[in-house]
Amino acid sequence: MRNQAVTYELLHVCKQSGARRGVIHTPHGDIQTPIFMPVGTQATVKSMTPEELKNDVKAQIILSNTYHLYLRPGHKLVEEAGGLHNFMRWDRPILTDCGGFQVFSLSDLRTITEEGVEFTSHLDGSKHFFSPEKVMEIENSLGADIIMSFDECVKYPETYEYTKQSMERTARWAIRCKEAHKNTDKQALFGIIQGGFYEDLRKKSAEDLIKLDLPGYAIGGISVGEPKEEFLKMLYYTAPLMPENKPRYLMGVGTPDYLIEAAIAGIDMCDCVLPTRIARNGTALTSHGKVVVRNQTYARDFTPLDDECDCYTCKNYTRAYIRHLVKANEILGVRLLSLHNLRFLTKLMERVRIEIENDNLLNFRDEFYKKYGYIKE
RNA sequence: GGGUAGGUGGUCGAGUGGUUAAUGGCACCAGACUGUAAAUCUGGCCGCGAGAGCGUACGAUGGUUCGAAUCCAUCCCUGCCCA
């Protein structure tokens, strides 16, 4: 094997749950896993500075997005700026998503063929074409430590036939991505397992991609609106199909319960926009469940968002004050809530890592669910 | 004192004889949000009722009319202009 940009080191397997405790080595430092990765689509985790992400959230790696940075400001510009790390002043690892999710969610603006995807810019209506080769060119310019191969994220529900066709095409695109990817010593290309909610397709997708011997693998196309039991079924089916000696990434997962389940299934990395999005919409994640702090019940609540949280927001501000900021449409409200929600999830994963080391993750899950207010599955 | 423009639901503001419990914005109340076209979107927002519906409402009072927030009279109040 050539000198790989990214490698995985397994430290411990939880005897109770089978969850993995590990380290991912990258050109911009190590990542302790399992981990939650904040999303910074447009080269910024909305409203957060890199210092806040490092010192307060304690984020080890963040995501950014091929589709959005290609359209604006343009990947060549980012390259000129010295790459994404330099451009946004983030010196820890970055992962860029390939735009496959945008291909899926902006579906009325695109046409998919074997060659690639023609789409219309949501910014100015201009026509563009993404092929696997083009996506690699962009991701190479951006320079993230981990880059995702170009895939199609199929919606839920979708027919067996279409899902099969799409999954096979995604596998063919992965081959082309691997061939087109230039900076293998600096950037690790991860493959994305698709196959919708059909076990045989998931299995086939995993097999096809594993043959490519990529440095890491992701599960895509779940957590797209399906019931939780469907999600869990696919998660627990697919994760064990993935190589044990490489990072396993579950894309787009986000809620505390899903993150814990992902760890138990043997997943190392998750990302989600949820904490920052619901922050902007006036909601906090807490150890006692979701708190819609914008609601009137908190108008005179002079306690922190979460009494167990160690974040800057919780150490300094009350629910009443944050509610006031949110109601008054003050930027600080968005920032304080974003910071808290992100810290809540990174802290949750810190705890998950400890519980794995202590072979106690299942007990922790039950405790967490009880306190959070989830009904145990 | 004279002239003039006005007084509409929490607020701003449409409506100028019937399809008006009354457009819209804001405020307010709640819900949603999972590889970010999201500081967004959806619903509610006079009272009672599960509902059909009933009751009350467009400054006040009195009228015209089958029917008035809309027309008439008087009164009250507000802005501006002139003395």
Side-chain angles (χ1 to χ4, degrees), chain A residues 36-48 61-69 71-72 94-110 119-125 135 139 144 146-156 170 190-194 217-228 231 235 249-259 261-262 267 269-285 290 292-299 322-323 325-338 341 345:
Chain A
F36 172 77
M37 307 182 285
V39 181
T41 302
Q42 308 209 61
T44 170
V45 176
K46 291 186 192 297
S47 89
M48 295 285 99
I61 170 174
I62 60 174
L63 254 70
S64 200
N65 187 274
T66 299
Y67 170 89
H68 289 281
L69 295 181
L71 286 181
R72 180 174 60 193
I94 299 178
L95 181 156
T96 42
D97 186 26
C98 61
F101 183 78
Q102 282 63 41
V103 166
F104 147 77
S105 64
L106 278 50
S107 59
D108 49 330
L109 302 175
R110 52 74 165 159
F119 61 92
T120 305
S121 162
H122 69 281
L123 297 174
D124 62 5
V135 168
E139 294 199 87
I146 298 171
I147 66 178
M148 301 308 295
S149 94
F150 190 47
D151 73 329
E152 183 192 358
C153 180
V154 171
K155 70 180 197 300
Y156 175 88
T170 288
F190 280 25
I192 304 175
I193 299 167
Q194 289 290 345
Y217 290 95
I219 303 176
I222 66 174
S223 191
V224 288
E226 73 282 1
K228 185 174 179 182
F231 165 81
L235 170 65
Y249 166 27
L250 173 61
M251 307 182 80
V253 161
T255 54
D257 56 329
Y258 277 34
L259 289 174
E261 296 293 348
I267 295 293
M269 319 156 71
C270 291
D271 77 284
C272 196
V273 305
L274 190 80
T276 45
R277 179 176 290 171
I278 67 175
R280 273 175 274 121
N281 298 332
T283 300
L285 298 167
K290 267 199 318 193
V292 185
V293 74
R294 138 174 69 77
N295 284 0
Q296 205 198 1
T297 43
Y298 304 109
I322 293 164
R323 171 181 137 92
L325 294 176
V326 170
K327 297 297 288 181
N329 212 11
E330 284 291 341
I331 305 170
L332 185 60
V334 166
R335 284 177 31 71
L336 293 177
L337 275 168
S338 294
N341 283 348
L345 293 184

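Throughout, a chain's letter reflects where its sequence line sits, starting with A, and its residues are numbered from 1. All values below were derived from every heavy atom in this structure, side-chain atoms included, with hydrogens, water molecules and symmetry-related copies excluded.
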**Q** Which is true for A:Glu152 with a 4.0 Å heavy-atom rule: it touches a base, it touches only sugar-phosphate, or it touches nothing?
**A**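 Result for A:Glu152 = nothing.
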
**Q** Could you measure between the two P atoms, the one in B:rU78 and the one in B:rU65, and give it in whole Å?
**A** 35 Å

**Q** Quick one: look up who B:rG15 pairs with, Watson-Crick or G-U, both distances under 3.5 Å, and put none if it's unpaired.
**A** B:rU8

**Q** Considering heavy-atom distances to RNA chain B, does A:Val292 or A:His122 have its closest nucleotide positioned more toward the 5' end?
**A** A:Val292

**Q** Tell me the partner of B:rC28, counting only Watson-Crick (N1-N3 plus N6-O4 or O6-N4) or G-U wobble (N1-O2 and O6-N3) with both under 3.5 Å; none if nothing fits.
**A**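 B:rC28 is paired with B:rG44.
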
**Q** Quick one: pull up CZ in A:Arg323 and CG in A:Asn295 and give me the separation to the nearest 0.5 Å.
**A** 7.5 Å

**Q** Answer with base, sugar-phosphate or nothing: what part of the nucleic acid does A:Arg110 contact at a heavy-atom distance below 4.0 Å?
**A**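 Touches nothing.
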
**Q** Using purine N1 to pyrimidine N3 plus N6-O4 or O6-N4 for Watson-Crick, or N1-O2 and O6-N3 for G-U wobble, each under 3.5 Å, what pairs with B:rA68?
**A** none

**Q** Please lay out, stage by stage, how A:Met37 and A:Tyr249 fare under the test side chain to side chain contact (heavy atoms under 4.5 Å, CB included).
**A** CA-CA 10 Å; A:Met37 307 182 285; A:Tyr249 166 27; 3.4 Å; yes

**Q** Please report the C-alpha distance between A:Val154 and A:Thr170 in whole Å, then the side-chain angles of each, then the deciding distance to 0.1 Å, and finally whether the side chain to side chain contact (heavy atoms under 4.5 Å, CB included) criterion is met.
**A** CA-CA 10 Å; A:Val154 171; A:Thr170 288; over 6 Å; no

**Q** Flag the pair A:Cys98 / A:Phe190 as yes when at least one side-chain heavy-atom distance between them is below 4.5 Å, and no otherwise.
**A**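 Side-chain contact under 4.5 Å: no.
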
**Q** Which part of the nucleic acid does A:Gly221 contact within heavy-atom distance under 4.0 Å: base, sugar-phosphate only, or nothing?
**A** base

**Q** What interatomic distance, in whole Å, is found between C1' of B:rU8 and the corresponding atom of B:rA68?
**A** 14 Å

**Q** Rounding to the closest angstrom, what is the interatomic distance between B:rU19 and B:rC58 at atom P?
**A**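 The same atom, P, in both gives a distance of 16 Å.
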
**Q** From A:Thr276 OG1 over to A:Met48 CE, what is the distance, rounded to the nearest 0.5 angstrom?
**A** 9.5 Å

**Q** Assign A:Thr276 to base, sugar-phosphate, or nothing according to its heavy-atom contacts below 4.0 angstrom with the strands shown.
**A** base

**Q** With rounding to whole Å, what would you report as the distance between B:rC28 and B:rG10 at their C1' atoms?
**A** 8 Å

**Q** Just call it for A:Asp97: base, sugar-phosphate, or nothing, with non-hydrogen atoms closer than 4.0 Å on any strand.
**A** base

**Q** Rounded at 0.5 Å granularity, tell me how far CG in A:Leu250 sits from CZ in A:Phe231.
**A** 5.0 Å

**Q** Could you tell me which nucleotide pairs with B:rA83 by Watson-Crick or G-U wobble geometry, both distances under 3.5 Å, or answer none if nothing does?
**A** none

**Q** If the C1' atom of B:rG43 is compared with that of B:rC81, how far apart are they to the nearest Å?
**A**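 The same atom, C1', in both gives a distance of 49 Å.
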
**Q** For A:Ala284 versus A:Asn341, what's the shortest heavy-atom pair and its separation?
**A**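 Closest heavy-atom pair between A:Ala284 and A:Asn341: CA-OD1, 3.3 Å.
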
**Q** Look through every strand shown and name the nucleotide pairing with B:rU34 as Watson-Crick or G-U wobble, where both distances are under 3.5 Å.
**A** none

**Q** Over 60° means perpendicular and under 30° means parallel, so classify the ring planes of A:His122 and A:Tyr67, tilted if in between.
**A** parallel

**Q** With a non-hydrogen cut-off below 4.0 angstrom, is A:Asp151 in contact with a base, only sugar-phosphate, or nothing?
**A** base

**Q** Does the structure show a Watson-Crick or G-U wobble partner for B:rU20, both distances under 3.5 Å? Name it, or say none.
**A** none

**Q** For atom C1', what is the distance between B:rA60 and B:rU11, given to the nearest Å?
**A**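 One C1' to the other, the span is 23 Å.
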
**Q** At 4.0 Å (heavy atoms only), tell me whether A:Cys270 reaches a base, stays on the sugar-phosphate, or touches nothing.
**A**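 Answer is nothing: A:Cys270 stays at 4.0 Å or more from every strand.
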
**Q** How far does the C1' atom of B:rG1 sit from the matching atom of B:rG62, given to the nearest Å?
**A** 28 Å

**Q** Touch check for A:Ser105, heavy atoms < 4.0 angstrom, all strands: base, sugar-phosphate only, or nothing?
**A**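 Sugar-phosphate: the residue A:Ser105, judged by heavy atoms under 4.0 Å, touches backbone atoms but no base.
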
**Q** Report which part of the nucleic acid A:Leu63 touches: base, sugar-phosphate, or nothing (heavy-atom distance under 4.0 Å, all strands).
**A** sugar-phosphate

**Q** Give one of base, sugar-phosphate or nothing for A:Ile192, where a contact means two heavy atoms less than 4.0 Å apart.
**A**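 It contacts base atoms.
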
**Q** Taking the P atom in each of B:rG59 and B:rU70, what is the distance between them to the nearest angstrom?
**A**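 Pairwise P distance, B:rG59 against B:rU70, rounds to 8 Å.
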
**Q** Please find the earliest and latest nucleotides of RNA chain B, in the 5' to 3' direction, that have an atom within less than 4.0 Å of any heavy atom of chain A.
**A**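 Nucleotide range in contact with chain A: B:rC28 to B:rU40.
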
**Q** Closest approach of A:Glu139 and A:Thr96, non-hydrogen atoms and distance?
**A**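 Answer, listing the atom of A:Glu139 first, then A:Thr96: OE1-OG1, 2.7 Å.
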
**Q** May I ask you to say what A:Lys327 touches in the nucleic acid, namely base, sugar-phosphate or nothing, with a heavy-atom cut-off under 4.0 Å?
**A** sugar-phosphate

